[in-house]
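Notes for the one structure printed next.
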There are 2 protein chains.
Amino acid sequence: MATIRERNKRLIIKTACQVFADKGFAATKTSDIADQAGLPKANIYYYFKSKEALYRAVLESIIDPLLQAYSSFHSEHEPARALEAYIKAKIRISREHADASKVFASEIMHGAPHLSSGSLEQLKAEAERSIERIRQWIEEGLMAPVDPHHLMFTIWASTQTYADFDWQIIQITGRRKLTAKDYDSAARLITDLVLKGCEVQKAEDT
Amino acid sequence: MATIRERNKRLIIKTACQVFADKGFAATKTSDIADQAGLPKANIYYYFKSKEALYRAVLESIIDPLLQAYSSFHSEHEPARALEAYIKAKIRISREHADASKVFASEIMHGAPHLSSGSLEQLKAEAERSIERIRQWIEEGLMAPVDPHHLMFTIWASTQTYADFDWQIIQITGRRKLTAKDYDSAARLITDLVLKGCEVQKAEDT
DNA sequence: GTCTATATCTGGATAGAC
DNA sequence: GTCTATCCAGATATAGAC
């Protein structure tokens, strides 16, 4: 049951997410958010005690999807399947949580000054666990001996770019907006490069 | 001959570049730049008419390196050589112009509100020309039929990430600072993925 | 060309009526 | 729970002495 409080908080977070993604934290005025949400500014402050608290709410909303994306590294035994699923999940985040993803990227670029240390630790732990998993696969001879860190950085960067640099991508492709097909072919290209580069063959379904 | 004017402008731009990269345009205070440069704030305004003018100077400083990086697409006839050289050039930019590169990325992320339309057009033209070149190589059967746009986006993202997300990379690798070796192995991994993915073999030197 | 002191304005946050 | 009017800290930019 959606109380008035919940509905409003949701509207404010959703709008804030768009504006923060567009302008960045510092350049965003709370009045921008209020105007775009069709509310008076004071209403924002009734629900969130400060601009920063609102920003943190937006920021934390992307943590769970990012953590979830790592699941294939735990559930899959073959590197090809795990990597493919991870790339797919990351591209889906760039598509379905484009704004929050961008806010997160901007935050990381500036050294994560607002991110809670709890979230940071979780993200770091999952990343390290997955990198360790890749290292094992290499030791077991299931993959070419690529540098697992750099492999991960390339996957992060190339999937994340469809959220962060959407403006650039739209400029270059001449699209008015990225479509489902665009995201799919992006995922396919990245997966191809990674699987061929790691010399693991795409596993057929069992 | 370095006049006092030139020396000071250079110092201010260099310092501004660091601070803008660290905090972003809006969050940067002109007094931060002044303090870090060891100058009184009014001195900044003696050399630059506004914070934005100074920011634009920083921003424009990265355009030329970015344009130069495309040269291998024009000078090289084999895709393998051109792609390898381009990746190397882009990684070198991430290393040697890390701060300006980051400022540029942040600018693009937010829709390039401060970038001159001239620079924008030049960058776009070079990008499109290079993408067209890749398309030709594919038609001539020199490369696998990958999507040239997505290939370019992946190269941009994976090379750019070493400047933009340096903080993250340092967190994960546990390094105190990225070394020449780190950049080299990054370039090697990205080049490997791209060349294998495009099914072009690394050309031996003639 | 340098720097202190200050004008001016923007934008986060709140008081208090409804 | 909503909203107008307002406060005030902080930041850009400048005036004007040196």
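Keep in mind the model is a prediction, meaning the values are calculated, not measured. Both backbone and side-chain heavy atoms feed into the values below; hydrogens, waters and symmetry mates do not. In what follows, every chain begins at residue 1, and chains take the letters A, B, ... in the order their sequences are listed.
Taking atom NZ of residue K9(B) and atom P of nucleotide dT2(C), one finds them 13 Å apart after rounding to whole Å. Atom CZ in R5(B) sits about 13 Å away from atom C1' in dT2(C), given to the nearest Å. The nearest whole Å value for the distance from the CG atom in N43(B) to the P atom in dC3(C) is 6 Å. Residue K41(A) contributes atom NZ, which lies 12 Å from atom P of dT4(D) at whole-angstrom precision.
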Dump the pairs, protein N or O against N or O of nucleotides 15-18 of chain D, anything under 3.5 Å, distances to one decimal.
none

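Legend: salt bridge (Lys or Arg N to Asp or Glu O under 4.0 Å) pairs involving residues 119-138 of chain B, not counting sequence neighbours, sorted by first then second residue: E126(B)-R129(B), E132(B)-R135(B). Among residues at least two apart or in separate chains, side-chain hydrogen bond (donor to acceptor under 3.5 Å, both in side chains) pairs with a member in residues 40-51 of chain A are N8(A)-Y47(A). Legend: salt bridge (Lys or Arg N to Asp or Glu O under 4.0 Å) pairs involving residues 24-38 of chain B, not counting sequence neighbours, sorted by first then second residue: K23(B)-D32(B).
For the 3.5 Å distance criterion, the side chains of H114(B) and E52(B) qualify, holding a donor opposite an acceptor. A donor-acceptor pair shorter than 3.5 Å cannot be found between the side chains of S72(B) and S75(B). Residues E76(A) and Y86(A) bring no donor and acceptor atom of their side chains to less than 3.5 Å of each other. Judged by distance alone, the side chains of S101(B) and Q160(B) do bring a donor and an acceptor atom under 3.5 Å apart.
Interatomic distance, S158(A) OG to L193(A) CG, rounded to the nearest 0.5 Å: 8.0 Å.
Of the residues in residues 14-33 of chain A, none has a non-hydrogen atom less than 4.0 angstrom from any atom of DNA chain D. Within residues 44-56 of chain B, the residues that have a heavy atom under 4.0 Å from DNA chain C are, in order of number, Y46(B), Y47(B).
Looking at E78(B) and R81(B), a side-chain N of the basic residue comes within less than 4.0 Å of a carboxylate O on the acidic one, giving a salt bridge.
Look at N8(A) and you'll find a side-chain N or O under 4.0 angstrom from OP1 or OP2 of dT2(D).
Ring centroid separation for the pair Y162(A) and H150(B) comes in under the 6.0 Å cut-off.
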